[in-house]
Undergrad: 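This is the structure I want to talk about, given as structure tokens.
Chain letters run A, B, ... following the sequence lines, proteins first, then strands; residues in each count from 1.
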Amino acid sequence: MNGLAAGGPIAMKDHDAIKLFVGQIPRNLEEGDLKPLFEEFGKIYELTVLKDRFTGMHKGCAFLTYCARDSALKAQSALHEQKTLPGMNRPIQVKPADSEGRGEDRKLFVGMLGKQQSEDDVRRLFEPFGQIEECTILRGPDGASKGCAFVKYGSHAEAQAAISSLHGSQTMPGASSSLVVKFADTDKERTLRRMHQMAGQLGIFNPMTIQFGAYGAYTQAIMQQQAALMAAAQGTCLNPMAAIAAAQMQQMAAFNVSGLVAAPMTPSSGTSTPPGISTAPVPSIATPIGVNGFSPLPPQTNGQPASETIYTNGIHPYPAQSPTVADPLQQAYAGMQHYAGPEGCNLFIYHLPQEFGDAELMQMFLPFGNVISAKVFVDRATNQSKCFGFVSFDNPTSAQAAIQAMNGFQIGMKRLKVQLKRPKDANRPY
DNA sequence: TTCGATT
């Protein structure tokens, strides 16, 4: 019934067909241009150039599925790293897409290779232990080897055998220590690592991003989006922070989050469970519109400078539930010398990631209200974070909302501990 | 691993 269509044959793919990832293709080549190149290895079932979801920009790579598994294998061995398309300075990549096979348990990371060692050298070293499906040396933008590689075997056992025999077995010429052979990071680990790296670079940390960092596709979307925005920001002298804020807000909007800190997050207190994306409550987070853009307006009421009103912390308090977007940074700066708010407004946060600074701490808690100070404690001698800090809000409601949402919040391997700061005289017996 | 900053 559906064998043929007027426009051409409807191809069926074999059940063991492999989806290939094709990288290093010029951005001016579309599906139609690429087709001839790949057709010589067999009938193509599907060929899709990857486009940026938001900008529609050609991403320089594609997914390719042949009808027959064999065609994919042929194309891979004939093309992968074998030729360089016009205008590219690196050879084309043709290999099973990440979505294929998962394969994490048979993929090795190889470190401490000599910078001169080629893919072939590495293959020779590893082939005694099994069928090598993939071997890639990691290279910098200039094509120079980073001294490490990924090697993927057909099975976990083969990979394990290679580890047993090769790890630490020898020191390659030019390497600073002996060969490292271990299982490659899982997707989770990799994503998490990238997050941390990115967070460090951007000086930002969005709890949602961290939270879902370990949960795959969702995060990738965010990261892509942030990256795109970063790129845009660089091109137009936008403040990158503003770009990120925009990205965050879009994400939050996607969650249909209302403007207020509201919902009880996790019913249980103490160590709350890390949200699996589908099951757990999503932290409901106020949209911190003014967060990164400094509001041009000083806090004042009807033309009366707020500073006329004296509060103990020197900060003009906003109503707890005010949808008004204050400019917390400005407030924070204004209140710098008075770091603690009233009782019930100050949080003690423990198990912070080592790389968290004041800015990240503040960033993380801004969604819950007006942060009047955020301080990560650093060891004076080493300048290293002591992994704890304080956040003060201008009202107890915000503080409670923050506790609800952030206590037990998982970041990497640790869970934040977020509780009210002990009053000064708390543990005095009398 | 746990509670306010070089004045």
Undergrad: Nearest whole Å is fine: how far is B/dC3 P from A/Phe348 CZ?
TA: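 Distance, rounded to whole Å: 5 Å.
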Undergrad: Could you check how far CD1 of A/Ile411 sits from C1' of B/dT1, rounded to whole Å?
TA: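 Spelled out: CD1 on A/Ile411 to C1' on B/dT1 is 16 Å.
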Undergrad: Considering heavy-atom distances to DNA chain B, does A/Cys387 or A/Phe390 have its closest nucleotide positioned more toward the 5' end?
TA: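 Closer to the 5' end of DNA chain B: A/Cys387.
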Undergrad: Expressed as a whole number of angstroms, how long is the span from A/Leu352:CG to B/dT2:P?
TA: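 Rounding to the nearest Å, CG of A/Leu352 and P of B/dT2 are 14 Å apart.
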Undergrad: CE of A/Met413 versus C1' of B/dT1: gap in Å, rounded?
TA: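 Going from CE in A/Met413 over to C1' in B/dT1 covers 17 Å.
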Undergrad: Which whole-number value in Å describes the distance from A/Ile349 CD1 to B/dG4 P?
TA: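 Distance check: A/Ile349 CD1 to B/dG4 P gives 13 Å.
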Undergrad: With A/Lys19 as the cation and A/Phe63 as the aromatic partner, state whether NZ or CZ is under 6.0 Å from the six-membered ring centre and within 45° of the axis.
TA: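 Cation-pi check for A/Lys19 and A/Phe63: passes.
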Undergrad: Nearest to the side chain of A/Arg380, which nucleotide is it out of B/dT1, B/dT6, B/dC3?
TA: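 Nearest to the side chain of A/Arg380 among the choices is B/dT6.
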Undergrad: How close or far is atom P of B/dG4 from atom CG of A/Leu420, stated in whole angstroms?
TA: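 Going from A/Leu420 (CG) to B/dG4 (P), I get 14 Å.
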Undergrad: Which whole-number value in Å describes the distance from A/Gln419 CD to B/dG4 P?
TA: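 To the nearest whole Å, that distance equals 13 Å.
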Undergrad: Identify the residue among A/Leu64, A/Leu79, A/Thr65 that makes a side-chain contact (heavy atoms from CB on, under 4.5 Å) with A/Leu20.
TA: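 The passing option is A/Leu64.
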Undergrad: Can you check the A/Asp379 CG to B/dT1 C1' distance for me, whole Å?
TA: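 The distance from CG of A/Asp379 to C1' of B/dT1 comes to 13 Å, rounded to the nearest Å.
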Undergrad: Donor-acceptor pairs under 3.5 angstrom involving side-chain atoms of residues 123-133 of chain A: please list them, not counting sequence neighbours.
TA:
| unit_1 | atom_1 | unit_2 | atom_2 | d |
| --- | --- | --- | --- | --- |
| A/Arg124 | NH2 | A/Asp121 | OD1 | 2.8 |
| A/Glu133 | OE1 | A/Arg106 | NH1 | 3.1 |
| A/Glu133 | OE2 | A/Arg106 | NH1 | 3.3 |

Undergrad: How would you label the contact of A/Lys386 with the nucleic acid (heavy atoms, under 4.0 Å): base, sugar-phosphate, or nothing?
TA: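 Nothing, no heavy atom under 4.0 Å.
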Undergrad: Report yes if a donor N or O on one partner sits less than 3.5 Å from an acceptor N or O on the other, where the partners are the side chain of A/His351 and the base of B/dT1; otherwise report no.
TA: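 Flag set: donor-acceptor pair detected.
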Undergrad: State which residues pass salt bridge (charged side-chain N to carboxylate O under 4.0 Å, His left out) with A/Arg69; sequence neighbours excluded, sorted by chain then number.
TA: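 A/Arg69 satisfies salt bridge (charged side-chain N to carboxylate O under 4.0 Å, His left out) with no other residue.
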